[in-house]
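Everything below concerns the one structure shown next.
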Amino acid sequence: MSRLIIVSNRVAPISEGGPAAGGLAVGVYDALKETGGMWFGWSGDVLASGQPQIKLEERGPVTFATIGLVRRDYDQYYRGFSNATLWPAFHYRADLLQYDRHDFEGYCRVNAWLAQQLVPLLRADDVIWVHDYHLIPFAQALRAAGVTNRIGFFLHIPFPASQVLLAVPPHRALVEALCSFDLLGFQTTPDLRAFCDYVVHEAGGSIDARPAAAAEPVLIHAFGRTLRAAAYPIGVYPDEIAELAKAGERGKPVRTMKATLHTRKLIMSVDRLDYSKGLVERFRAFERLLDQAPAQRNNVSFLQIAPPTRADMHAYQEIRLQLEGESGRINGRFAELDWTPILYIHRQYERPVLAALFRTAHVGYVTPLRDGMNLVAKEYVSAQDPEDPGVLVLSRFAGAAQELTGALIVNPVDIDDMADALAAALSMPLAERQARYRDMIAQLRENNVSVWRDNFMRDLQRVEPSPSVDEASQREERTGVAN
Ligand code: ADQ
């Protein structure tokens, strides 16, 4: 069996049997343990000076290979092009997009440098799986260094419609770089469609009319290469989350929460503090509910857990201030001596605590403006008590809405729509809650994170290894292909 090499911006800290890692990290780590292999990426360290050195750490059949970034690379590759250009653009926030040509150069330079660090560690039959928007040029850099292994890429965030992608100045270079992979994985069919649309209408490429079977990847011809692409919606391990949730019910955090709630119902959200998550609109829709349904006042509490991320970036400082203003304003308006409507918490919680809190919540309130998938929606459903499940209120712009059709689907900018959905969720009869839950949990079990990983790996293993750069250019000379 080929060794698996995972490449991601950050290498997830896995502690054997520990509770900190998410489903994605665990799912990927399981695959690494099966095949043996390596997880390669940035250590998270930013060096003020000196040359970063790769650090290798063996854990059973898995090697963790991590390396620091110097300050300038961190600023240009991570804060700059990845998070000030690609992240807002791919989440349809062209209004927040900042572009600096030097940052793009830095982004390409760091990708090339990381690829050079990996090359000496590779073996001929390794299969390489690269993750997410930080590493779009990674295969191109490996190919330039002579690597002919199979290389796949999974995009965790949305792929935007062409008209939005065109706002990113080097859009063509990015799509050309993506075409250096052998297999591209997107979260949903609309993301895959958006990519194909760009290839055909902006890059002069073509898509083979129909894959042999509906579940097979489509075949794409562009920039002188042929590659495959498909949607692989990422999942969770629903039964493990349910076990964690049940076990956590007896723990102190949940007992404290239940005592605070008393007989009130709980609406709950968990997100990284990010402008793509629709937090301001969400707070306002909760306010609208209290406005329109006075009977709900002092009968429902809203718990928002939102640990800050990318706190050294202006747009993130701004959203944080805005939310603190909104929660303070709404609490000031409605709070009573024995009731604070919004409980707004910035800290990280361990997975068992989070799962148990999900089980306590009557409503999972997940309303991003855009989200590749949104695992919180899947975790919330997984954690429910089948006998007395809560209701998921879910944005139509989360990738998860493609699968979780048993949720109350809302438009996250329509405050009235969301307030109505909250009211409907809080009063939904048990039979309807159970029917919606059964529908969603069946879907989550059928497409858990192992299925996601195995489908992607199966399709990547089937790809013919790439020709070397020399072979490819000889072939181009023979056929005259170069578009
Ligand atoms: P994220 O944008 O980070 O992921 P999400 O899918 O919701 O969004 O995953 C967040 C994870 O972090 C969840 O597992 C959640 O439980 C955990 N988490 C969040 N807040 C926490 C807290 N306070 N304490 C502990 N854990 C917390 C990106 C894309 C998503 C895509 C995923 C996976 O943006 O769209 O679903 O990758 O592909």
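Please read these numbers as outputs of a predicted model, since none were measured by experiment. Every number for a ligand or one of its atoms is a count from 1 in the order of the listing.
- Selection from D371, L357, I305 by nearest heavy atom to atom 34 (O) of ligand 1 gives D371.
- Considering backbone and side-chain atoms together, H156 places an N or O closer than 3.5 Å to an N or O of ligand 1.
- Every N/O-N/O distance between L354 and ligand 1 stays at or above 3.5 Å.
- With a 4.0 Å heavy-atom cut-off, ligand 1 is reached by no atom of H91.
- For ligand 1, the atoms lying closer than 4.0 Å to a non-hydrogen atom of R351 are 14 (O).
- Annotation: Y232 is not in aromatic contact with F154 [ring centroid separation under 6.0 Å not met].
- Take H171 and apply the ring-ring contact (aromatic ring centres under 6.0 Å, His included) test, not counting sequence neighbours, and it matches Y198.
- On a distance-only criterion, L375 and ligand 1 share at least one N/O pair closer than 3.5 Å.
- The shortest separation from a heavy atom of E350 to ligand 1 is not under 4.0 Å, leaving the residue out of contact.
- Of the heavy atoms in D274, none comes closer than 4.0 Å to ligand 1.
- Counting heavy atoms of neighbouring residues, nucleotides and ligands inside a 6.0 Å radius, atom NE2 of H262 does not exceed 12 of them.
- Some N or O of R347 is nearer than 3.5 Å to an N or O of ligand 1, by distance alone.
- The shortest N or O to N or O distance between Y349 and ligand 1 is under 3.5 Å.
- Contact annotation: for I234 versus ligand 1, heavy atoms closer than 4.0 Å belong to the side chain alone.
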